[in-house]
Amino acid sequence: MVKLFADSQKGNTMGYIHCCGSLRKTKSFRLSPQGIFVLCELDYLKKCPVCGHTVVQITRIDKDNKISTIRKTNEKARNLFAKVKDKILYAEVNENYLVKQYGKFYLYYNEYGVKKKCYSNLKNLKLGLRTLI
């Protein structure tokens with residue numbers, strides 16, 4: 001868990017909250033650490049797509065690498081978010097990865113009397129296969 005926070009300082013991870021049996025993407029904010037805490041992070045889920053709850057989770061790490069979490073839902077979550085809004089240092093921005101675009105063209109070919117589609121690898125086609133005697 002501590003490794004996740006070290007990676008999140010670089011901006012490589014995205015915040016998730018477990019709600020309704022699966023992980024939901026959240027907005028992540030870095031809070032100013034207070035007292036004995038070294039790192040404080042706030043995850044905010046405005047509305048769960050399944051149950052519709054608002055969820056706020058604050059995760060803190062102290063000097064002894066002990067992790068503590070505070071989790072609130074609905075009205076208490078909105079009140080907690082309003083209370084700690086002035087302590088937010090910055091919002092964590094996640095990197096968008098470019099998804100490779102694939103064409104929609106398929107090369108149709110006939111192999112042993114069966115019509116097939118070639119998706120990408122033309123090297124493996126066995127067109128005009130001849131056997132050596």
Side-chain angles (χ1 to χ4, degrees):
M1 188 81 170
V2 177
K3 185 176 185 294
L4 278 175
F5 285 108
D7 290 341
S8 68
Q9 290 176 344
K10 300 173 191 172
N12 294 334
T13 61
M14 176 177 273
Y16 290 96
I17 289 180
H18 193 272
C19 185
C20 298
S22 63
L23 294 175
R24 309 288 179 201
K25 291 182 184 178
T26 62
K27 291 182 182 179
S28 294
F29 301 98
R30 187 60 52 98
L31 301 176
S32 59
Q34 296 177 353
I36 62 169
F37 297 106
V38 178
L39 183 69
C40 297
E41 188 173 288
L42 179 125
D43 292 316
Y44 179 66
L45 178 64
K46 188 170 185 175
K47 183 179 178 183
C48 176
V50 176
C51 63
H53 289 170
T54 301
V55 182
V56 171
Q57 182 172 334
I58 298 177
T59 308
R60 305 177 296 183
I61 299 179
D62 64 0
K63 295 175 183 174
D64 298 328
N65 285 336
K66 293 180 183 174
I67 298 173
S68 65
T69 59
I70 300 170
R71 181 185 172 103
K72 302 289 182 186
T73 57
N74 292 332
E75 190 61 35
K76 290 183 180 181
R78 289 186 279 276
N79 292 339
L80 178 65
F81 184 71
K83 196 181 292 185
V84 298
K85 209 173 209 178
D86 59 339
K87 294 180 176 75
I88 292 176
L89 296 176
Y90 59 90
E92 292 185 7
V93 179
N94 301 313
E95 298 174 4
N96 292 332
Y97 296 102
L98 180 64
V99 178
K100 189 174 180 182
Q101 300 292 327
Y102 292 101
K104 296 182 180 178
F105 173 76
Y106 300 110
L107 175 64
Y108 290 97
Y109 68 98
N110 194 346
E111 184 178 31
Y112 303 116
V114 178
K115 189 174 181 182
K116 295 183 178 180
K117 283 185 184 180
C118 175
Y119 293 97
S120 62
N121 195 356
L122 298 175
K123 292 179 183 177
N124 292 337
L125 287 179
K126 297 178 182 176
L127 296 174
L129 183 67
R130 296 182 184 207
T131 58
L132 299 174
I133 303 176

How about S28 and D43: does a side-chain donor come under 3.5 Å of a side-chain acceptor?
yes
Sidechain-backbone polar pair: D62 side chain, D64 backbone, donor-acceptor under 3.5 Å
yes
Give the intermediate values and the outcome of side chain to side chain donor-acceptor pair (under 3.5 Å) for residues T26 and R24.
CA-CA 6 Å; T26 62; R24 309 288 179 201; over 6 Å; no
Under 4.5 Å between side-chain heavy atoms, hopping through other hydrophobics if needed: is there a path connecting I70 to I88?
yes
As a quick check of understanding, evaluate side chain to side chain contact (heavy atoms under 4.5 Å, CB included) for E92 and F29, giving each step before the final call.
CA-CA 6 Å; E92 292 185 7; F29 301 98; over 6 Å; no
Spacing of CD1 belonging to I58 relative to CG belonging to L80, to within rounding of 0.5 Å
4.5 Å
Evaluate the criterion side chain to side chain contact (heavy atoms under 4.5 Å, CB included) for residue pair R30 and E41; output intermediate values, then yes/no.
CA-CA 5 Å; R30 187 60 52 98; E41 188 173 288; 3.3 Å; yes
In terms of heavy-atom contacts, R60 and C40 come closest through CG-SG, 3.7 Å
In Å, rounded to the nearest 0.5 Å, how long is the span from CG of L31 to CG of L89?
7.0 Å
Closest heavy-atom pair and its distance - L45, C19
CD2-CB, 4.5 Å
Can you name the salt bridge (Lys or Arg N to Asp or Glu O under 4.0 Å) partners of R78, sequence neighbours left out?
E75
Report the relative orientation of the aromatic rings in Y44 and F81; use parallel for angles under 30°, tilted for 30 to 60°, perpendicular for over 60°.
parallel
Hydrophobic cluster membership, I67 vs V38, 4.5 Å side-chain cutoff:
no
Looking just at side-chain N and O atoms, do T73 and R71 make a donor-acceptor pair shorter than 3.5 Å?
no
Is a side-chain N or O of T54 found less than 3.5 angstrom from the main chain of K46, in a donor-acceptor match?
yes
Nearest-0.5 Å distance that lies between atom NZ in K87 and atom OG in S32
7.0 Å
